[in-house]
Amino acid sequence: MSYLNNIDHPALSGSLNPPVPADDITNFSPGPTSLPKAVEEMIAAGFGKPGLTSLALSHRSPEFLEIFNHAVASVRKVMNIPENYEVLFTHGGGHGQFAAVPLNLCHEASDVATYVVNGTWSQRGADEGKRYCRVQTIDARDTKTGAYNSFPELTEETIDPDSKYVYLCSNETVNGIELHRLPKLPEARKHIPLVVDASSDFSTKPIDWIDSGIGVLFACASKNIGHPGVTVTVIRKDLLGKDKASPLCPGVFNYTTNSEAGNLWNTPATFNIEVIGHMMDWIAAEGGIDEIERRSIAKAKAIYDVIDGSEGFYDSPVTDKTFRSRMNVPFRIAGGDEELTNRFLIQSWDNGLIGLRTLTPFGIGEYLRASLYTGVALEGAEKLAAFMRDFARENS
Ligand code: PMP
């Protein structure tokens, strides 16, 4: 049977609902995606407590304020966020922060900001930033291949000393490029706050807030910590202040306005905030952020070992192994062979391994991608690794 004749197969149009028992499904979607099973069960059970849940509670009720304060405290504790940082639950997702960052940190549209562009999301952040400030980019594209596959060294020469901030994405979700630790700005640029889009790696490794010079860090929830509709945005308090933001900054995006209103300037995403609190509790109970990092390393190793041991049957676009993402592992089958790729997608779907090809705003390429967020257990990654090994043996 030709798999090319099977283009109507649901696996090829990105279906996430294979006819197998729910317990046999592992979701490798790039987000939104599954949370750890225990957290999903807790949510389904009404968060395991009597009375109204955040789905029905007024955001100003004492019951919700307790949930809210707990979520803030648990994010702080798990991620070791120092007191001189404000934690906000913001609206508008990662894209909202692409605009909110320049609108809060640049008072004038003529202010300069430096963006490291090493993949699709940092490119998107820079493009949005250009509407509100003067963006200078450090482009990390491989000059020979035109591809993004690493992260550049940050030097005095490449960073304008007047930059209001230096922006980077710590995990490029589409390209599969991750900074396992944040880089330090050169000594003569240490006065510039670092802005980090940690949407797809937040809460999977420790962050050294002070030493890394973080000014703002944001993470949309729908990968490792919850559901779309809320974003964790952490801001160093000296960047807040009445006249800091652009006068054009909408109130809903204004860090100072929201901080002064106790994050209740308007209705926050109540249910999603409660979920984040539970995710953080789950992380703490599992052994904290170091344990999550240990698991992330083990899951990624299971897949990269198969790729590297496949004698070219599978390949990774990230040539510099030090930047290979633990969160998103793009891989190609037999140089992008369409029939084999379709066969792989159908057979893996039939086996409950789903989300390996989803649509992105950047289209569908030759690469599939296994996203190994915190909701994917080590056994799930090992199941995929075993499937990949068998598939290569049967089809090489
Ligand atoms: N940044 C990164 C690194 C992402 O992976 C994504 C979403 N995939 C975004 C930003 C955009 O987030 P949102 O869809 O919540 O706007």
Side-chain angles (χ1 to χ4, degrees), residues 14 16 27-35 88-103 115-131 140 148-149 151 165 167-180 182 194-205 207 214 216-234 250 252-253 268-269 271-273 275-276 279 296 317-318 323-330 355-365 367-376:
L16 298 171
N27 191 354
F28 296 98
S29 297
T33 186
S34 306
L35 297 178
L88 294 178
F89 294 117
T90 55
H91 293 289
H95 283 81
Q97 292 309 305
F98 294 163
V101 164
L103 282 165
Y115 280 71
V116 181
V117 175
N118 74 321
T120 49
W121 288 111
S122 46
Q123 179 68 65
R124 191 101 157 185
D127 288 345
E128 189 70 359
K130 280 175 197 160
R131 295 155 157 242
Y148 290 119
N149 49 31
F151 191 88
Y165 56 91
Y167 178 105
L168 58 84
C169 177
S170 52
N171 182 63
E172 279 289 359
T173 320
V174 174
N175 308 76
I177 302 164
E178 179 175 352
L179 291 163
H180 300 131
L182 291 172
L194 191 68
V195 172
V196 183
D197 174 0
S199 290
S200 51
D201 59 341
F202 185 68
S203 84
T204 66
K205 59 195 172 200
I207 293 175
I214 295 176
V216 177
L217 180 143
F218 63 89
C220 62
S222 59
K223 282 93 171 43
N224 285 298
I225 55 169
H227 301 123
V230 68
T231 299
V232 174
T233 303
V234 184
V252 71
F253 279 176
F271 173 77
N272 297 359
I273 292 172
V275 170
I276 291 180
M279 258 311 287
S296 299
V318 185
F323 293 114
R324 279 180 168 183
S325 174
R326 301 164 182 164
M327 298 291 111
N328 314 93
V329 182
L356 295 163
R357 177 186 268 161
T358 54
L359 295 175
T360 79
F362 314 103
I364 288 183
Y367 287 88
L368 302 183
R369 184 168 40 139
S371 296
L372 305 172
Y373 300 132
T374 303
V376 175

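Atoms within a ligand are numbered from 1 in the order they appear, just like the ligands themselves.
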Query raised in the report: Taking atom CG of Asn171 and atom NZ of Lys223, what is their separation to the nearest 0.5 Å?
Result: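 Taking CG in Asn171 and NZ in Lys223, the distance rounds to 9.0 Å.
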Query - Separation of Thr204 OG1 from Leu372 CG (nearest 0.5 Å) - result: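 These two atoms lie 11.0 Å from each other.
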Report task. Look at the aromatic rings of Tyr165 and Tyr115 and report parallel, tilted or perpendicular, splitting at 30° and 60°. Result ->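 Plane angle over 60°, so perpendicular.
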Report task. Specify whether Phe271 and His227 have parallel, tilted or perpendicular ring planes, treating 30° as the upper limit for parallel and 60° as the lower limit for perpendicular. Result ->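 Because their plane-to-plane angle is under 30°, the rings of Phe271 and His227 count as parallel.
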Query raised in the report: Should Phe202 and Tyr373 be marked as a ring pair (Phe, Tyr, Trp, His ring centres under 6.0 Å) after you check the CA-CA gap, both sets of side-chain angles, and the distance that decides it?
Result: CA-CA 10 Å; Phe202 185 68; Tyr373 300 132; over 10 Å; no
Report task. In plain terms, say whether Arg124 and Asp127 are close enough for a salt bridge, that is, a side-chain N and a carboxylate O under 4.0 Å apart. Result ->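 Between Asp127 and Arg124 there is no salt bridge, as every charged N stays at least 4.0 Å from the carboxylate O atoms.
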Query raised in the report: Can you name the residues that come within less than 4.0 Å of ligand 1, going by heavy atoms only?
Result: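 Within 4.0 Å of ligand 1, the protein residues are Gly93, Gly94, His95, Phe98, Trp121, Cys169, Asn171, Thr173, Asp197, Ser199, Ser200, Cys220, Lys223.
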